[in-house]
Amino acid sequence: MQQFLGLFIVLGSVFGGFALMGGTVVAIWHPIEILIIVGAAFGALVIGNEKHVLAEMAHQLKKIASRKKHDSEFQRQLLLLMYELLQLAAGGLKALDAHVEAPRESAIFQRYPRILDEPKLLAFIVDNFRLMAMGKINAHELEGVLEQELDAIHEELTQPSKSLHKIAEGMPGFGILAAVLGIVMAMYSVSEGADSGAIAEKVGAAMVGTFIGIFFCYGLLDPLSNMMKQLVNGEASTMETVKVVLCTHVAGKPALLAIDAGRRLIQLNTKPSFAQLEQWINAMGGDDESQNKRRRNSDRMTG
């Protein structure tokens with residue numbers, strides 16, 4: 001909602017101000033100029049990026065448009081999922097095999113649909129529980145492995161926003177390109193004996209290209225690339241939370257302490273308090289007796 005409000009303010013200020021000056025839509029409506037600028041920018045985007053970067057860019061833009069955010073409910077599901085998995089792992093990491101091998105069929109994961117809707121986060125969780133189950137690994141070694149993995153993931157996920165930002169910076173240049181072509185056509189009309197009114201109209205149309213390029217840069221694409229960057233930072237923060245939970249667990253700390261260590265890395269606007277975390281765990285039957293019963297039931301299912 002906030003993004004649409006911002007877009008309304010930008011459009012209202014620019015075009016509303018133009019209308020107040022006595023301008024009309026006809027004066028700035030030149031589809032050919034838009035075709036040149038947008039087409040050249042899109043072509044440059046395709047030339048400069050691999051297919052998987054473009055696919056990830058489309059995915060991030062879709063996510064922004066759908067307004068799916070890592071809100072308080074998402075954080076609740078993440079923390080409780082990790083708590084359940086750690087409680088189950090306390091009886092032996094082999095008990096997790098059936099859950100991490102097919103998470104979408106797992107009764108535990110199915111209780112947390114918001115996590116299942118995040119394929120990258122889901123893969124990060126199950127892959128690293130598999131890593132822990134494959135052999136003995138200490139907290140320092142695990143932290144080193146996860147740190148390298150997170151650096152690689154973050155670099156890959158930020159590439160779309162960087163690419164879009166580069167295109168945004170180039171939009172004024174594409175606008176000048178369209179303007180130059182318009183001036184060329186204006187000069188050509190002079191050689192054909194066009195009157196001053198026709199020439200002025202063509203020059204005005206050429207200047208619209210410069211306007212479109214600047215407007216797309218600062219009014220649309222640059223803010224959009226910043227939104228993508230914030231989206232990726234939020235996802236990276238979530239994976240950092242998982243990393244800290246796993247490393248704290250491998251260091252031998254109790255499940256609740258491991259979950260609280262991860263909670264501290266959640267972004268401030270959605271971070272629950274420790275008291276809230278305890279309430280969530282108690283609400284799901286998080287006392288030792290209930291968790292032991294849940295673990296025994298899961299062991300019988302996986303056995």
>> Let's go through Leu80 and Ile259 carefully: what are the C-alpha distance in whole Å and the side-chain angles of both, what is the deciding distance for side-chain contact (heavy atoms from CB on, under 4.5 Å) to 0.1 Å, and is it a yes or a no?
In response: CA-CA 8 Å; Leu80 292 185; Ile259 298 300; over 6 Å; no

Judged by atom type as modelled, is there a donor-acceptor pair below 3.5 Å linking the side chain of [X] to the main-chain atoms of [Y]?
X      : Y      : answer
Arg263 : Leu79  : no
Ser13  : Ile9   : yes
Asp260 : Leu256 : no
Asp195 : Ala198 : yes
Ser237 : Leu265 : yes

> Would you call Asp117-Arg114 a salt bridge at under 4.0 Å N-O?
Replying inline: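 No, this pair does not count.
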
Please tell me if the side chains of [X] and [Y] come closer than 4.5 Å, counting only heavy atoms from C-beta onward.
X      : Y      : answer
Val126 : Phe109 : yes
Trp29  : Ile34  : yes
Glu149 : Leu146 : yes
Glu235 : Lys63  : yes
Phe18  : Val25  : no
Gln230 : Asn226 : yes
Leu246 : Leu142 : yes
Ile212 : Phe174 : no

Output the distance between atom [atom1] ([X]) and atom [atom2] ([Y]), rounded to the nearest 0.5 Å.
X      : Y      : atom1 : atom2 : answer
Leu88  : Ile108 : CG    : CD1   : 5.0 Å
Met227 : Leu164 : CE    : CG    : 11.0 Å
Ser106 : Arg111 : OG    : CZ    : 7.5 Å
Glu155 : Lys162 : CD    : NZ    : 4.0 Å
Arg264 : Thr241 : CZ    : OG1   : 12.0 Å
Leu85  : His99  : CG    : NE2   : 8.0 Å

Which atoms form the tightest heavy-atom contact between [X] and [Y], and what is the distance?
X      : Y      : result
Val203 : Ala186 : CG2-CB, 3.9 Å
Ser189 : Ile199 : OG-CG1, 4.0 Å
Ile36  : Ala178 : CG2-CB, 4.0 Å
Arg130 : Asp127 : NH1-OD1, 2.7 Å
Glu141 : Asn138 : N-OD1, 2.7 Å
Cys247 : Ala139 : O-CB, 3.6 Å

> Should Thr238 and Phe74 be marked as a side-chain contact (heavy atoms from CB on, under 4.5 Å) after you check the CA-CA gap, both sets of side-chain angles, and the distance that decides it?
Replying inline: CA-CA 10 Å; Thr238 300; Phe74 177 89; 3.8 Å; yes

Step through the shown structure and confirm whether more than 12 heavy atoms of other residues, nucleotides or ligands are within 6.0 Å of [atom1] on [X].
X      : atom1 : answer
Glu201 : CD    : no
Met185 : CE    : no
Lys271 : NZ    : yes
Lys253 : NZ    : no

> Who are the ring-ring contact (aromatic ring centres under 6.0 Å, His included) partners of Phe215, not counting sequence neighbours?
Replying inline: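 ring-ring contact (aromatic ring centres under 6.0 Å, His included) list for Phe215, sorted by chain: Phe15, Phe211.
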
Show me the side-chain donor-acceptor pairs of residues 37-60 shorter than 3.5 Å, one per line, residues at least two apart or across chains.
unit_1: Asn49; atom_1: OD1; unit_2: Ser163; atom_2: OG; d: 2.5
unit_1: Asn49; atom_1: ND2; unit_2: Leu45; atom_2: O; d: 2.8
unit_1: Glu50; atom_1: OE1; unit_2: His52; atom_2: ND1; d: 3.3
unit_1: Glu56; atom_1: OE1; unit_2: Lys120; atom_2: NZ; d: 3.1
unit_1: Glu56; atom_1: OE2; unit_2: Gln60; atom_2: NE2; d: 3.0
unit_1: Gln60; atom_1: NE2; unit_2: Leu157; atom_2: O; d: 3.0

> Would Asp222 and Phe216 satisfy side-chain contact (heavy atoms from CB on, under 4.5 Å), going step by step from the backbone distance to the final call?
Replying inline: CA-CA 8 Å; Asp222 193 50; Phe216 269 79; over 6 Å; no

Answer yes if [X] and [Y] sit in the same cluster of Ile, Leu, Val, Met, Phe, Trp and Tyr residues linked by side chain heavy atoms under 4.5 Å apart, and no otherwise.
X      : Y      : result
Ile28  : Ile32  : no
Val14  : Leu224 : yes
Met171 : Met207 : no
Leu231 : Leu121 : no
Phe274 : Leu78  : yes

>> Among residues at least two apart in sequence or on other chains, which ones pass salt bridge (charged side-chain N to carboxylate O under 4.0 Å, His left out) with Lys243?
In response: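 Lys243 satisfies salt bridge (charged side-chain N to carboxylate O under 4.0 Å, His left out) with Glu147, Glu240 only.
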
> Would Val232 and Ser161 satisfy side-chain contact (heavy atoms from CB on, under 4.5 Å), going step by step from the backbone distance to the final call?
Replying inline: CA-CA 9 Å; Val232 170; Ser161 65; 5.7 Å; no

